[in-house]
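For reference, the structure is listed below as structure tokens.
Order of appearance sets the numbers: ligands from 1, and atoms from 1 within every ligand. All figures in this text were calculated on a predicted structure; none of them were measured in a lab. Quick note: residue numbers are just sequence positions, from 1.
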Amino acid sequence: MSAARLRHELVPHAGLADRPAGWWRGVLGVVGFVASPPVPSARLPTAVCGTAPLDQADELCEVWRIGEGSDEAATPVARSHGRLDCRSGATLTFGSVSIDERTLRGPGIDGEAAALRAATDGAYRLLFDALRDARHPHLIRVWNYLPDINGHAGGEERYRHFNAARHAAFERAGRASTQAAPAATAVGCAAGSPLTLFFLAAAEAPLMIENPRQISAYHYPPQYGRHQPLFSRACLLRAAGETHLFISGTASIVGHRSLHPGDVAAQARESLSNIAILVDEAGRRARGEPPIGALRLKVYLRHRADLAAARAEVQRHRSIVESVVYLQADICREELLVEIEAYGRADA
Ligand code: 3EB
């Protein structure tokens, strides 16, 4: 069996529906930032983040696919688990699920906090079912889009309810080990939109990477919530001759503290330093393998007006940046103005 050849592409929304059948072969999933991407088959997983692009006239979609020249592309298998759709190659699965918490209110689920927790719980329950059925047990990367992330419900921040429910779901699935926590992003989307998550899972165990200058999120002190966020700072997947590095949403945090309140340029610089450290750390952990090449970034900004300042910081790193999209999203701590995630690949 040949290599997985996982590929990430950014393609315009316009014209997506007219792409030939050959183009769609090997596509595992498509992600729209605002609008639902037009795909030719209802069985192809799609997700809508609810994070408005800040610098593009034409809306782009993210495509995760198995590249050409791989046996995986010939036989992707689609499955559905309730509201979750997923698609698997031989060694990789992409899946997405979206749950409107407002539809869950009713007997037994009284109030906003309970509905949010139930939506989170339900989404992760389906996700773990999908991993089991695909026989791709290793969760490597999850993107979480949480409506009104900084809002409060029942006296607690909604992000903290999300953390509690996510933690409980991992525990119930026997997956609460911090050693196996996936790389993740968890940012806000508009109040009233559904909770959306999408993910990649693999047949082979990845290597989880932490940032030596940050306390692991799963060890944050209780001031950030009773249940810690369960994610790793980065995840390195080695699949037959290729190395894929998934860097989690990365903010201006050193130790466990947010730095540079009110200064988006300094926050962006600090986030990019954290990303550079994770790339070094990945290189150290995967010694002897080809280094990670250019990074593909997603920059989440709390305020649209911060675009120019954030872009200036990213452009200082342009020699290592292959693509970048700027998106509006609230960040999980009120004082954080920017969060940056990255994906990179090394070819032998
Ligand atoms: C942080 O470092 C910033 O809860 O899954 C980044 C990435 C953040 C993922 C998550 C949260 C998450 O704590 C916030």
Side-chain angles (χ1 to χ4, degrees), residues 49 51 97 116-117 119-121 123-124 127 139-151 156-171 175-176 178 180-189 195-200 208-235 245-261 264 267-278 281 297-302 327 329-343:
C49 307
T51 56
V97 57
L116 168 57
R117 288 188 185 219
T120 305
D121 184 79
Y124 273 93
L127 183 158
L139 186 56
I140 57 180
R141 182 60 166 102
V142 188
W143 288 263
N144 303 274
Y145 297 88
L146 175 56
D148 193 19
I149 191 168
N150 300 129
E156 219 179 352
E157 194 183 22
R158 285 170 52 87
Y159 176 59
R160 297 186 179 196
H161 288 296
F162 167 81
N163 276 320
R166 173 171 54 178
H167 197 274
F170 273 76
E171 206 142 66
R175 289 172 168 272
T178 55
T185 292
V187 296
C189 56
L195 172 83
T196 295
L197 61 84
F198 57 95
F199 62 90
L200 287 163
M208 297 312 183
I209 291 164
E210 290 300 292
N211 180 340
R213 77 203 277 262
Q214 290 185 312
I215 290 176
S216 295
Y218 45 73
H219 289 148
Y220 279 165
Q223 71 207 70
Y224 303 101
R226 210 149 21 99
H227 299 275
Q228 286 99 346
L230 193 50
F231 69 96
S232 294
R233 297 298 181 185
C235 172
L245 179 63
F246 299 90
I247 297 182
S248 291
T250 301
S252 177
I253 295 174
V254 175
H256 60 76
R257 292 203 167 77
S258 309
L259 298 190
H260 320 299
V264 72
Q267 287 196 16
R269 219 173 299 137
E270 204 72 65
S271 304
L272 290 160
S273 299
N274 279 328
I275 286 174
I277 287 165
L278 287 165
E281 202 56 20
L297 305 183
K298 274 156 84 181
V299 179
Y300 299 99
L301 291 170
R302 183 183 291 277
L327 304 162
D330 291 342
I331 318 295
C332 64
R333 297 183 188 181
E334 290 276 8
E335 69 278 13
L336 293 176
L337 302 172
V338 56
E339 183 174 307
I340 305 176
E341 61 173 60
Y343 163 72

note = Near Tyr220 (heavy-atom distance under 4.0 Å), the atoms of ligand 1 are 1 (C), 2 (O), 13 (O)
key: Nearest-option assignment for atom 2 (O) of ligand 1, heavy atoms, candidates Glu341, Arg233, Gln214, Glu339   = Arg233
inquiry  = At under 4.0 Å between heavy atoms, is it the side chain or the backbone of Pro229 that contacts ligand 1, or both, or neither?
reply    = side chain
inquiry  = Under a 3.5 Å distance rule, please check whether Asn274 uses its side chain to pair with a backbone N or O of Ile253 as donor and acceptor.
reply    = yes
ask   = Near Ala184, which atoms of ligand 1 are under 4.0 Å from a heavy atom of that residue?
value = 5 (O), 7 (C), 9 (C)
inquiry  = Looking at Ser258 and Leu336, would you say the former's side chain and the latter's main chain have a donor-acceptor pair under 3.5 Å?
reply    = no
remark   = For atom 8 (C) of ligand 1, the closest protein heavy atom turns out to be Phe231 CZ, 3.8 Å
task = Pick one of side chain, backbone, both or neither for how Tyr159 approaches ligand 1, counting any non-hydrogen atom pair under 4.0 Å.
result = side chain
key: Main-chain N/O of Ile215 paired to Arg233 side chain as donor or acceptor, under 3.5 Å   = yes
key: Atoms of ligand 1 close to Ile253 [distance to a heavy atom under 4.0 angstrom, numbered from 1]   = 1 (C), 2 (O), 3 (C), 13 (O)
ask   = Parallel, tilted or perpendicular for Tyr343 and Phe246, by the 30°/60° rule?
value = tilted
query = Do Tyr218 and Phe231 have ring centroids that are under 6.0 Å from one another?
reply = no
inquiry  = Treating Arg302 as the side-chain partner and Ile331 as the backbone partner, does any N or O pair qualify as donor plus acceptor under 3.5 Å?
reply    = yes
query = Quick one: which ligand 1 atoms are inside 4.0 Å of a heavy atom on Arg166?
reply = 4 (O), 5 (O), 10 (C)
key: Arg257 NZ/CZ over Tyr224 ring centroid, <6.0 Å and within 45° of normal   = no
query = Which atoms from ligand 1 have a heavy atom of Cys332 less than 4.0 Å away?
reply = 3 (C), 14 (C)
inquiry  = So does Tyr300 get a backbone contact from the side chain of Glu339, meaning a donor-acceptor N/O pair under 3.5 Å?
reply    = no
Ligand-side contact atoms (ligand 1) for residue partner Ala186, heavy atom cut-off under 4.0 Å = 4 (O), 5 (O), 9 (C), 10 (C), 12 (C)
note = Residue, atom and distance of the protein heavy atom nearest atom 6 (C) of ligand 1 read Gly249 O, 3.2 Å
